[in-house]
Amino acid sequence: MTDLTPHQEAASDHALGQLDRPELDEFLASLGDADSPTDHELAAAELEVALLGLGGEGAERLPQQLEGRLKAAATAYAWALDSKPANRVELIAERRDPGVDLVRYLGWMAAAAALVVVWFVLGKRSEPQVSVTPPPEPPSAVPSVPAPPPTPEEQRAELLKHEDARKLAWSATKDEAAKGASGDVVWSSHAQQGYMRFKGLEPNDPKRSQYQLWIFSKDQDERYPVDGGVFDVDSSGEVVVAIDPKLHVDEPTLFAITVEKPGGVVVSKRERIVLTASAGG
C-alpha cells in the first residue's frame with residue numbers, strides 16, 4: 001500500500017511508461033484537453049537532460065525548483081516500487097505501446113530510476129554544513145628594532161662614572177688652529193679608554209692634514225709617545241672623539257694634539273702642537 005492517490009499513481013506510472021493501452025487511454029482521458037506534460041514527466045525529462053550533460057556549464061548545479069520536483073517524483077517512484085513487480089524492464093516490455101521507441105522508453109525508465117539516487121544526493125547536499133573556522137593565527141612577532149649604538153657623548157658620560165677616570169682640560173697653544181679652542185680629555189687606565197672633547201678647534205681638510213693625539217706616560221720614552229689615533233674636526237662647535245691608543249698606557253702624564261699629514265705619522269716632528277692637557281707627575 002502507498003499514500004499515493006489513484007491519479008498520482010497513474011501519473012507516476014505514465015511518466016515511467018508502465019501503463020498498458022487501456023490504462024493509458026483512461027489516464028489521458030482524465031487529463032482532459034490539456035496537452036502539457038505532467039509534473040512527473042517534467043521531472044523525469046529535466047533529470048534526463050541533466051544526466052546526459054545537455055545543460056552545459058550551467059548544469060553543474062541543479063536549479064532549486066528542479067530539486068523540488070525531483071524530490072517529489074523520487075518519492076512517488078519509491079512508493080511505487082513497494083506495489084509494483086520487481087522486474088521493471090520486463091513489465092515495460094510487456095505493456096509498452098508498439099508505436100513507442102523502445103530506446104526512448106528505456107531512457108525514461110533509467111531517468112526515473114535515477115530519481116531515487118538523486119533524491120539521496122540532494123538530501124546530502126541540503127544537509128546543513130558545519131563550517132569549522134580555524135583559530136586565527138597568532139600575530140607574527142614584530143622584530144625588535146635594535147637600539148642605536150651609543151654616541152661618543154654618551155660613551156664619554158659613561159666613562160666618567162669609572163672610579164679611576166680623570167678629566168683634564170685642554171690648553172691652547174699659539175698655533176692658529178687652536179685660536180679660541182677649549183675642551184677636555186677623559187681617560188681611564190683601568191678601561192684603557194678615553195674621549196676628547198673640543199670646542200672652537202679649527203676644522204681641518206682631510207685631504208691636506210689631520211689631527212693626531214700623542215700620549216706621554218711615565219713608563220714610555222718621551223721621544224716616542226703612544227699614538228692615540230688620527231681624527232678630523234668638521235665643525236667649530238663641540239666635537240667628541242674617541243681615543244684609539246696603539247699601546248697600553250698605565251700612567252699618562254701628558255696628552256698633546258698635533259697637526260700632521262693625512263693618515264698621520266709614526267714619529268711626530270712636533271712642528272705644530274695645537275692643544276695639550278697635563279696630568280701632572
Side-chain angles (χ1 to χ4, degrees), residues 132-172 175 177-220 224-268 272-280:
V132 179
T133 304
E137 296 183 1
S140 57
V142 178
S144 58
V145 179
T151 63
E153 290 82 0
E154 293 172 338
Q155 292 175 314
R156 174 182 176 276
E158 191 66 27
L159 186 62
L160 280 170
K161 297 177 182 179
H162 288 222
E163 292 184 0
D164 70 329
R166 299 182 64 183
K167 183 171 70 171
L168 308 172
W170 290 118
S171 296
D175 190 277
K179 187 177 181 180
S182 63
D184 54 59
V185 55
V186 176
W187 175 260
S188 168
S189 295
H190 178 74
Q192 288 294 295
Q193 289 183 339
Y195 291 89
M196 301 175 286
R197 184 172 64 93
F198 305 103
K199 186 175 182 180
L201 186 61
E202 184 180 64
N204 66 295
D205 181 358
K207 296 180 180 179
R208 301 180 59 182
S209 64
Q210 287 187 290
Y211 291 110
Q212 189 166 2
L213 171 65
W214 303 97
I215 306 173
F216 296 82
S217 64
K218 288 183 178 181
D219 58 350
Q220 187 78 18
Y224 307 106
V226 176
D227 179 6
V230 296
F231 60 94
D232 300 312
V233 174
D234 57 7
S235 172
S236 59
E238 185 172 294
V239 179
V240 176
V241 180
I243 296 175
D244 181 22
K246 302 301 186 289
L247 297 174
H248 188 90
V249 180
D250 284 326
E251 297 184 47
T253 58
L254 180 71
F255 295 86
I257 304 295
T258 62
V259 177
E260 307 291 349
K261 65 180 180 180
V265 296
V266 176
V267 179
S268 175
R272 292 188 60 187
I273 300 177
V274 293
L275 295 172
T276 62
S278 176

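Hydrogens, waters and symmetry mates play no part in the numbers below; they use all other heavy atoms, side chains included. Model, not experiment: these values are computed from the prediction.
- Note that CD1 of Ile243 and CZ of Phe255 are 5.5 Å apart. Values are rounded to the nearest 0.5 Å.
- Residue Met196 comes nearest to Ala242 through the heavy atom pair CE-O, 4.4 Å, listed as atom of the first residue, atom of the second, then distance.
- Here the side chain of Glu154 pairs a donor or acceptor atom with the backbone of Thr151 at under 3.5 angstrom.
- To the nearest 0.5 Å, atoms CD (Glu260) and CG (Asn204) are separated by 12.0 Å.
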Intermediate values then yes/no, side-chain contact (heavy atoms from CB on, under 4.5 Å), Asp250 and Lys218: CA-CA 8 Å; Asp250 284 326; Lys218 288 183 178 181; over 6 Å; no
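- Taking 4.5 Å as the limit, every side-chain heavy atom of Leu201 sits out of range of all side-chain heavy atoms of Trp170.
- Nearest heavy-atom pair across Ser268 and Trp214 is CB-CZ2, 3.5 Å.
- Taking CD from Glu202 and OG from Ser235, the interatomic distance works out to 12.5 Å, rounded to the nearest 0.5 Å.
- Identified under the salt bridge (Lys or Arg N to Asp or Glu O under 4.0 Å) test for residues 179-190, with sequence neighbours left out: Arg156-Asp184, Asp184-Arg197.
- In this structure, OH in Tyr211 is found 8.0 Å from CG in Leu275, a value given to the nearest 0.5 Å.
- In this structure, Phe231 and Phe198 have parallel ring planes: the angle between them is below the 30° cut-off, well short of the 60° mark.
- Listed here is the closest heavy atom pair of Gln210 and Gly264: OE1-N, 4.3 Å.
- Formation of a donor-acceptor pair under 3.5 Å by the Ser189 side chain with backbone atoms of Glu251 is not found in this model.
- A donor and an acceptor atom, one from each side chain of Ser188 and Asp164, are located under 3.5 Å apart.
- Tyr195 contributes atom OH, which lies 10.5 Å from atom CH2 of Trp187 (distance to the nearest 0.5 angstrom).
- Between Gln212 and Asp227, the side chains place a donor N or O and an acceptor N or O closer than 3.5 Å (distance only, hydrogens not considered).
- Here the closest non-hydrogen pair linking Asp232 and Ser209 is OD1-O, 4.4 Å.
- Of the inter-residue distances, the one linking Leu159 atom CG with Lys167 atom NZ reads 12.0 Å to the nearest 0.5 angstrom.
- Shown here for Ala277 and Ala169, the closest heavy-atom pair between the two residues is CB-O, 3.5 Å.
- Two residues are said to be in side-chain contact when any heavy atoms from C-beta on lie closer than 4.5 Å; Leu254 and Ser278 meet this criterion.
- Taking every heavy atom of both residues into account, Leu168 and Ala279 meet most closely at CD1-CB, 3.6 Å.
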